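If you're wondering where the values come from, they're calculated on a predicted model, not measured in any experiment.
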Amino acid sequence: MRSHSEPGPFLRPVRVTITVPYNAYQALVERSNVQGRSLSNLAAYLLESALQTTHQRDQTQVRSESTDAFRRRA
């Protein structure tokens with residue numbers, strides 16, 4: 001049996017439990033109701049979107065720092 005950390009042909013979702021402030025919970029519930037999706041689906045979507053945005057920002061920052069370092073050497 002594979003562990004969750006070992007890559008395989010298909011990566012299956014992993015269940016996690018988190019504690020969020022009550023106001024965040026209420027906002028998630030209201031937004032999930034408006035969008036007609038489950039709370040867990042919305043939370044997973046928001047988490048994945050935030051991680052992608054952070055990754056893209058980090059990549060842009062690394063490129064910018066590399067360009068700056070190259071310019072300083074020239």
Listing, residues 15-28 side-chain donor-acceptor contacts under 3.5 Å, not counting sequence neighbours, or none:
from, atom 1, to, atom 2, distance (Å)
Tyr22, OH, Gln26, OE1, 3.2

Tell me, please, which residues at least two apart from Thr54 pass side chain to side chain donor-acceptor pair (under 3.5 Å).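 Testing Thr54 for side chain to side chain donor-acceptor pair (under 3.5 Å), a comparison that skips the adjacent residues, returns none.
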Asn41: partners by side chain to side chain donor-acceptor pair (under 3.5 Å), with sequence neighbours left out: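 So Asn41 forms a side chain to side chain donor-acceptor pair (under 3.5 Å) with Arg37.
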Those residues that, when tested against Gln59, pass side-chain contact (heavy atoms from CB on, under 4.5 Å) (two or more places apart):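 Here the qualifying residues are His55, Arg63.
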To the closest 0.5 Å, what do you measure between CG (Leu51) and CD (Gln56)?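 Interatomic distance, Leu51 CG to Gln56 CD, rounded to 0.5 Å: 11.0 Å.
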How far does CG of Leu39 sit from CD of Glu30, to the nearest 0.5 angstrom?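 If I round to the nearest 0.5 Å, the distance is 11.5 Å.
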Who else is in Val34's hydrophobic cluster (ILVMFWY, side-chain heavy atoms under 4.5 Å, direct or via others)?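 Members other than Val34 - counting any ILVMFWY side chain reachable under 4.5 Å - there are none.
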Could you report the tightest heavy-atom contact between Leu42 and Ser32, atom names first, then the distance?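 Heavy atoms only, the tightest pair is CD2-N, 3.5 Å.
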